[in-house]
Amino acid sequence: MLSGYQMDTRHMRFFMALAETLHFGRAAERMNMSQPPFSRQIAMIERTLGVKLFERNSRNVALTPAGKHFMEDCRNVLGQFEDACRDVRLVASGMKGELRFGFMMHAAHSVVPELVQLYAKARPDVRLVLDERTPTEIDEMLVAGTLDAAVTFDCGYAPHLQTVLLARERLRIIMREDHPLATVGQIYPEKLREEKVIAAPAATAPALRSAINSYFSAKGIVPHVVLEPRLQHTIIQLVAKGLGVALIPVSLCTGMGTGLISRTLTDAPQLDVVLRAPMTTKNPAVSAFMEIGKSIQRTSL
């Protein structure tokens, strides 16, 4: 740039005002200035670029070929700049951006589809990044800040997290259709004393495993846990092979496939399904997500 003069969007607007009006007086008026300083700005732009942008005489102003090309480039640059200014305001208001959303795999059968659908409708310019995880992974990722919000089981007091109760979900027992208890309408804990149980480990789903253990211990029973897969869908497949029975969230009991049935448990354990986000989140898109969570609250599943 000559003599330390640097062009910016303001100078592009000077140029565009004259390129679009082809009249120094009207262009200066558009830029809210008198004609002499406006003319000096145009001359400075041409001198800086080392290019003649306009042909002018006492009657007419016309763009040179270089001026016409510069006009198209300036229009594109200014358009992108205006888009950037608009987008940054939208991101700051939570209307645009990205939200990293984690959820327990079984929640895809219950609250997650509605939550995602409502948020996508309310915030179409926010990109939702979905991440299926185990409850323990979700807790760790919320603390680490690698998730903005998540659906998980309520594990108790968490002052560092904002929490919205989405639903209370009971557990049911699943077994093969040829299991001896398949004809029983309601299952008591005592009937499961000798049963082989398949359950997720406490390290993976602490709230779920605690609910299962408490259900048995309330009757003085120690469950005979034979297998501990991390994922609920794996548990269902193992039950289908006749390797044991399982207590799983009711939302997973539909569409399990042929050969399996679910039965009601007497005094069935109940778990709170919650939407959580860090209290100190800096993502403005989270607040609307939490509000939508409140709108779909239900008492039970």
Side-chain angles (χ1 to χ4, degrees), residues 1-101 115-130 145 148-149 162 277-295:
M1 296 299 175
L2 300 179
S3 303
Y5 181 85
Q6 294 182 349
M7 285 188 60
D8 56 27
T9 56
R10 183 172 62 96
H11 301 101
M12 289 185 183
R13 295 186 194 281
F14 288 146
F15 166 77
M16 288 298 294
L18 184 56
E20 290 174 352
T21 63
L22 296 177
H23 190 284
F24 275 89
R26 288 195 293 271
E29 186 178 354
R30 178 188 289 188
M31 300 306 297
N32 295 313
M33 59 195 305
S34 61
Q35 185 172 327
F38 178 81
S39 298
R40 289 195 293 272
Q41 289 291 339
I42 298 298
M44 181 69 75
I45 292 170
E46 289 183 316
R47 188 162 59 252
T48 299
L49 293 175
V51 172
K52 190 173 185 179
L53 300 173
F54 297 97
E55 297 284 0
R56 58 265 233 187
N57 55 40
S58 58
R59 289 187 174 186
N60 298 308
V61 177
L63 284 163
T64 65
K68 290 179 180 178
H69 185 83
F70 192 52
M71 180 180 181
E72 292 303 315
D73 286 345
C74 285
R75 181 174 287 135
N76 291 335
V77 169
L78 291 172
Q80 291 173 3
F81 179 71
E82 289 168 3
D83 288 345
C85 292
R86 184 194 67 245
D87 287 351
V88 75
R89 295 187 186 100
L90 290 174
V91 170
S93 67
M95 298 295 293
K96 191 180 179 74
E98 180 178 281
L99 191 148
R100 299 160 298 175
F101 172 49
L115 183 60
V116 170
Q117 180 185 38
L118 290 174
Y119 190 75
K121 182 177 180 180
R123 296 288 188 270
D125 291 326
V126 176
R127 178 174 175 260
L128 274 177
V129 180
L130 305 183
D148 295 309
Q162 50 183 312
M279 291 290 293
T280 56
T281 180
K282 292 180 173 60
N283 188 340
V286 169
S287 59
F289 201 65
M290 302 302 285
E291 289 301 315
I292 289 173
K294 294 176 184 177
S295 76

Walk me through whether Leu49 and Phe70 qualify under side chain to side chain contact (heavy atoms under 4.5 Å, CB included). CA-CA 11 Å; Leu49 293 175; Phe70 192 52; 4.0 Å; yes
Would you please test Glu29 and Arg26 for salt bridge (charged side-chain N to carboxylate O under 4.0 Å, His left out) and show each step? CA-CA 5 Å; Glu29 186 178 354; Arg26 288 195 293 271; over 6 Å; no
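Here the side chains of Ile42 and Ser39 are not in contact, with every heavy-atom distance at 4.5 Å or above. Residues Glu20 and Met71 meet the side-chain proximity criterion, which asks for heavy atoms closer than 4.5 Å. Counting only heavy atoms from C-beta outward, the side chains of Gln162 and Thr281 approach each other to under 4.5 Å. Counting only heavy atoms from C-beta outward, the side chains of Phe14 and Met44 never approach each other to under 4.5 Å. Side-chain contact between Asn60 and Leu22: absent, with no pair of heavy atoms (C-beta onward) separated by less than 4.5 Å. A 4.5 Å side-chain heavy-atom check between Leu18 and Arg56 finds every atom pair outside the cut-off.
Atom CD of Gln117 and atom CD1 of Ile292 lie 10.5 Å apart (nearest 0.5 Å). Between the OG1 atom of Thr64 and the NZ atom of Lys52 there is a distance of 8.5 Å, given to the nearest 0.5 Å. Atom CG of Leu63 is separated from atom CD of Glu55 by 10.0 Å, given to the nearest 0.5 angstrom.
Shown here is Met279, whose CE atom has no more than 12 heavy atoms of other residues, nucleotides or ligands within 6.0 Å.
Of all heavy-atom pairs between Cys74 and Phe15, the closest is SG-CD2, 4.0 Å. Shortest non-hydrogen contact noted between Ala92 and Pro284 is O-CB, 3.4 Å. Closest non-hydrogen pair, Arg30 versus Met16, comes out as NH1-O, 4.2 Å.
Under the side-chain hydrogen bond (donor to acceptor under 3.5 Å, both in side chains) criterion, His69 pairs with Asp73, not counting sequence neighbours.
Asp83 places no side-chain N or O within 3.5 Å of a backbone atom of Arg86 that could act as its donor or acceptor partner. Side chain of Glu46 to main chain of Phe54: a donor-acceptor pair is present (N/O by atom type, distance under 3.5 Å, no hydrogens or angles).
Screening residues 61-71 for salt bridge (charged side-chain N to carboxylate O under 4.0 Å, His left out) gives no qualifying pairs among residues at least two apart or on separate chains.
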Validation: residues 118-127 side-chain donor-acceptor distances under 3.5 Å, sequence neighbours left out:
residue, atom, partner, partner atom, Å
Tyr119, OH, Ala285, O, 2.8
Arg123, NE, Gly94, O, 3.3
Arg127, NH1, Glu98, OE1, 2.7

